[in-house]
Amino acid sequence: MSTDMGMPPILSPDEAEKAVLLAAPRGYCAGVDRAVVTVEQALDLYGAPVYVRKQIVHNKHVVADLEARGAIFVEELVEVPEGATVVFSAHGVSPEVHRQAEERTLKTIDATCPLVTKVHHEAKRFAADDYDILLIGHAGHEEVEGTAGEAPEHIQLVESPADVAGIVVRDPSRVAWLSQTTLSVDETLETVAAIRERFPELLDPPSDDICYATQNRQLAVKEIAHGCDLLIVVGSGNSSNSVRLVEVALEAGAKASYRVDDASEIDEAWLDGVRTVSVTSGASVPESLVQGVLAYLAERGYPDAKAVHSAEESLIFSLPKELRRDMKAAARAQ
Ligand code: 0CH
Ligand code: SF4
């Protein structure tokens, strides 16, 4: 920090009016941190290669970094040699995938976020009570495939209020809903309201399925969106929670909002006439990428970012038990 208290900084009138607002919290959630550290520790412990089914989290930089360290990402378990070690991603897998792993005698490390596992348990419980379960989420998303796989004969997907009219259930008095953990809170409430209008006895999940991190990042983006000229969300295109942040930003009043994987994707023209730029990042995004965006803005005359705090987060998850057990055994053997 400068100790020179003499001359005030000389700023052009343009620069003096510029501002950068930075959402807090943003970036890594507890489940992502755990999943990424799981792959890192597995590489250290077992050595490369370590196989990972699907992207460990939906961020292309995270995946590229782990690939450089010896992780091999595959789409399906048939690509993993028999007997090898495979990590399941943070988004979770269906029981069928566990069965395939057993069949191929794979050593598995399950990095499914415990908050996704919680939704799997809710699905199993509702199915055991013979409810029809309406799972709100995005078709084709890995988390939805994993959750639906817990009770395929009881679960049907609902993507939006537009789907509600076409829902067919066995008994309208025995219907429950669940959701993907990374949806828009506001949109999901709309979908639930539409479902409840059709099925007034609709049963809610025992606790929020949209997780604390998704909720906090949407709350934080609302805080920095109102009145800003441009809101940049750092995150990958297949990251549901990151994409939702752009939508939430626009709904909350940002004049423009774009998602970028990193600073290199920012279009210089987005900054034309822009005074206040707000910045945030999805739950799967390393902080270094956000700092890259701030450096890009600084090079173009924007001042240091002002953090806008809307929630504190302190949740930490312990590593998957299979990995902890092997780490302990390795430490004992030394
Ligand atoms: O937001 P989605 O679910 O696409 O996934 P992500 O970007 O990898 O973020 C972490 C969430 C993991 C599962 O909830
Ligand atoms: Fe877990 Fe939520 Fe992070 Fe998904 S976004 S990994 S559910 S904490």
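Atoms within each ligand, like the ligands themselves, are counted from 1 in listed order. Residue numbers count from 1 along this sequence.
Side-chain contact annotation: Asp171 with Ser173, donor-acceptor N/O pair under 3.5 Å present. Residues Thr214 and Asn241 have side chains that never bring a donor and an acceptor to within less than 3.5 angstrom of each other. Ser207 and Lys118 form a side-chain donor-acceptor contact under 3.5 Å, judged by distance and modelled atom types alone.
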Arg53 vs Asp110, salt bridge (charged side-chain N to carboxylate O under 4.0 Å, His left out): CA-CA, chis, key distance, verdict = CA-CA 10 Å; Arg53 182 184 178 276; Asp110 190 354; over 6 Å; no

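Each of Val32, Val57, His58, Ala90, His91, Val116, His141, Glu143, Thr181, Thr182, Asn238, Ser239, Ser240, Asn241, Ser284 has a non-hydrogen atom positioned under 4.0 Å from some atom of ligand 1.
Excluding water, every protein N/O/S atom under 2.8 Å from atom 2 (Fe) of ligand 2 is given here by residue and atom: Cys211 SG.
Judged as a salt bridge (charged side-chain N to carboxylate O under 4.0 Å, His left out), and not counting sequence neighbours, Arg34 has no contacts. Partners of Asp209 by side chain to side chain donor-acceptor pair (under 3.5 Å), not counting sequence neighbours: none found.
Between His58 and His91, the two ring planes are parallel [angle under 30°; tilted spans 30° to 60°].
Distance check, rounded to the nearest 0.5 Å: NE2 of His98 to CG of Leu106 gives 12.0 Å. Atom CZ of Phe126 sits about 14.0 Å away from atom NE2 of His121, to the nearest 0.5 Å.
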